[in-house]
J.: 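Quick one: this structure, given as structure tokens, is what I'll be asking you about.
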Amino acid sequence: MPELPEVETIVRGLQAVLPGKRIMGVRLGITDFIEDPSALEEQLPGRRISSVRRYGKFLVFDLDSLSGDSRRLALLIHLGMTGQLLTCKPEAPIAAHTHAYFALDDGSEMRYRDIRRFGSIRILAEGAPSGVLSPLGPLGLDPLEATEEEFRAGINGRHARIKALLLDQRVLRGMGNIYTDESLWHAKIHPTRLGAKLSARELHGLYVAMRRVLSQAIRFRGSSISDYVDSKGTPGKFQQRHCVYGRKGKKCPRCAAMIRRETVAGRSSYFCPKCQRAPKKTRKARRKH
DNA sequence: CTTACGGCCTGGGTGC
DNA sequence: TGCACCCAGGCCGTAA
């Protein structure tokens with residue numbers, strides 16, 4: 001499940017090798033997850049990759065034109081749940097579920113592999129950085145770049161559950177299920193607490209916890225739960241440092257209580273029932289029972 | 001307007 | 001061996 005730290009790890013790996021290289025050709029397999037396959041085949045060859053960036057969970061490849069067409073383009077890739085981007089030699093064995101091949105002018109190749117095909121690949125015309133929109137609208141703050149004031153403003157006054165807010169890409173771009181649960185555990189906040197009901201102290205703790213968890217996950221090159229590998233095919237190591245995610249029934253590293261798993265905001269949520277106190281039930285919610 | 005929720009996409013893992 | 005079922009994340013339609 002590539003979230004911010006995994007995408008960042010891949011971006012750093014690609015940024016080290018791709019800039020300055022030219023895309024010579026594009027070959028596609030199954031294309032039902034690609035918005036406009038022929039646009040990739042027609043518009044990418046000949047372009048030079050000037051930089052590789054992360055925008056939320058998107059990878060952005062900025063492309064220069066070397067010929068008369070001076071229009072700047074960007075290639076936008078979202079890895080969905082099981083997407084992988086790998087660089088290799090063209091003669092390297094082809095793993096099952098590889099759906100896109102980008103031939104580069106140094107004789108190497110970048111491949112997109114995606115078992116579930118929940119990812120997406122598309123071309124973005126001009127004005128890439130701020131022009132990256134999710135289908136729902138503009139993306140929110142970068143969790144590592146946002147100031148504490150900006151973060152607080154994004155959560156304050158919202159009556160949704162904090163878990164839903166952290167996962168909402170229009171509030172914060174790049175958070176996913178793993179790092180949301182880990183951040184909430186570090187901040188000792190129950191996932192069903194309402195954003196509006198968090199104290200200033202709790203919001204401060206959450207901001208600090210989120211930044212710490214994300215930076216440490218990047219340092220450990222991401223979490224490999226199922227399919228995630230970096231651009232060289234190497235798994236991450238942060239899954240060994242998870243405190244709650246995927247640890248249902250195991251002991252909370254802080255208080256030894258048993259970690260629980262419940263669905264919150266439509267997602268599996270792992271938390272410690274002792275360290276992360278559930279909010280008091282409202283009169284309305286209690287009446288139902 | 002905001003929020004909650006169920007369904008959909010796909011295929012690997014599990015358990016019978 | 002086969003097969004039904006669950007689950008994952010993002011998005012979308014619908015309802016309150």
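Each chain gets a letter, A, B and so on, in the order the sequences are listed, and its residues count up from 1.
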J.: Can you tell which of A:K163, A:R161, A:E262 makes a side-chain hydrogen bond (donor to acceptor under 3.5 Å, both in side chains) with A:S269?
T.: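 That would be A:K163.
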J.: Taking atom C1' of B:dA4 as reference, at what distance in whole Å does atom CG of A:L165 sit?
T.: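 After rounding, the reported distance stands at 13 Å.
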J.: Over how many whole Å does the gap from A:I225 atom CD1 to C:dC7 atom C1' extend?
T.: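 Distance, rounded to whole Å: 14 Å.
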J.: Could you please name the option among C:dA8, B:dG12, C:dG10 that lies closest to any side-chain atom of A:R261?
T.: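 For the A:R261 side chain, the nearest candidate turns out to be C:dA8.
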J.: Who pairs with A:R111 by salt bridge (Lys or Arg N to Asp or Glu O under 4.0 Å), at least two apart in sequence or on another chain?
T.: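 A:R111: salt bridge (Lys or Arg N to Asp or Glu O under 4.0 Å) contacts with A:E109.
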J.: What's the CG-C1' distance between A:L79 and B:dT10, to the nearest Å?
T.: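 It works out to 16 Å between those atoms.
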J.: I'd like to know if A:R221 and A:D230 make a salt bridge, using a cut-off of under 4.0 Å between side-chain N and carboxylate O.
T.: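 Yes.
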J.: What integer distance in Å separates A:I178:CD1 from C:dG9:C1'?
T.: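 For the pair A:I178 CD1 and C:dG9 C1', the rounded distance is 11 Å.
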J.: Could you tell me whether the side-chain ring of A:F118 sits stacked on the base of C:dG9, using a centroid cut-off under 5.5 Å and a plane angle under 30°?
T.: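 Stack criterion met.
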J.: Tell me, yes or no, whether the heavy-atom count around A:R260 atom CZ, taken from other residues, nucleotides or ligands under 6.0 Å, exceeds 12.
T.: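 For A:R260, atom CZ is not crowded (no more than 12 foreign heavy atoms under 6.0 Å).
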J.: Spell out yes or no: do the side chain of A:R116 and the base of C:dG10 have one donor N/O and one acceptor N/O closer than 3.5 Å?
T.: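 For A:R116, whose side chain was compared with the base of C:dG10, there is no donor-acceptor pair (under 3.5 Å).
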J.: What is the distance, rounded to the nearest whole Å, between atom CG of A:D227 and atom P of B:dG11?
T.: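 Rounded to the whole Å, the gap is 13 Å.
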J.: Any side-chain N or O of A:T82 less than 4.0 Å from the OP1 or OP2 oxygen of B:dG11?
T.: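 A:T82 to B:dG11 OP1/OP2: no side-chain N or O under 4.0 Å.
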J.: Any chance you could measure A:L14, atom CG, to A:T9, atom OG1, to the nearest 0.5 Å?
T.: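 So the gap between those two atoms works out to 11.0 Å.
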J.: Whole Å only: how far is the NZ atom of A:K163 from the C1' atom of B:dC5?
T.: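 Rounding to the nearest Å, NZ of A:K163 and C1' of B:dC5 are 16 Å apart.
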J.: Quick one: on DNA chain B, does A:R267 or A:G157 contact a more 5' nucleotide (nearest heavy atom)?
T.: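 Closer to the 5' end of DNA chain B: A:G157.
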J.: Return no unless some side-chain N or O of A:H159 is found under 4.0 Å from OP1 or OP2 of B:dC1.
T.: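 Indeed not, no polar side-chain atom of A:H159 lies that close.
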J.: Taking only N and O in the side chain of A:R161, is any of them less than 4.0 Å away from OP1 or OP2 of B:dC5?
T.: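 Checking B:dC5 against A:R161, a side-chain N or O does come within under 4.0 Å of OP1 or OP2.
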J.: Using five base pairs at each end, measure the axis-to-axis angle across the helix from B:dT2-C:dA16 to B:dC16-C:dG2 and round it to 10 degrees.
T.: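 End axes: 40° apart.
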J.: Got a sec, which pairs hit salt bridge (charged side-chain N to carboxylate O under 4.0 Å, His left out) with one end in residues 98-107 of chain A, sequence neighbours left out?
T.: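 Checked against salt bridge (charged side-chain N to carboxylate O under 4.0 Å, His left out) - neighbours excluded - the pairs reaching residues 98-107 of chain A are A:K21-A:D106.
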J.: Report yes or no: does A:Q84 contribute a side-chain atom to a donor-acceptor pair with the main-chain N or O of A:T82 at less than 3.5 Å?
T.: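 Not confirmed, A:Q84 side chain does not pair with A:T82 backbone.
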J.: What integer distance in Å separates A:D114:CG from C:dG9:P?
T.: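 The answer, rounded to whole Å, is 14 Å.
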J.: Closest approach to the side chain of A:K57, judged atom by atom: which nucleotide of B:dG12, C:dG9, B:dT2 is it?
T.: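 Of B:dG12, C:dG9, B:dT2, C:dG9 is nearest to the side chain of A:K57.
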J.: Could you state the atom-to-atom distance from CG of A:L166 to C1' of C:dG9 in whole Å?
T.: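 That distance rounds to 16 Å.
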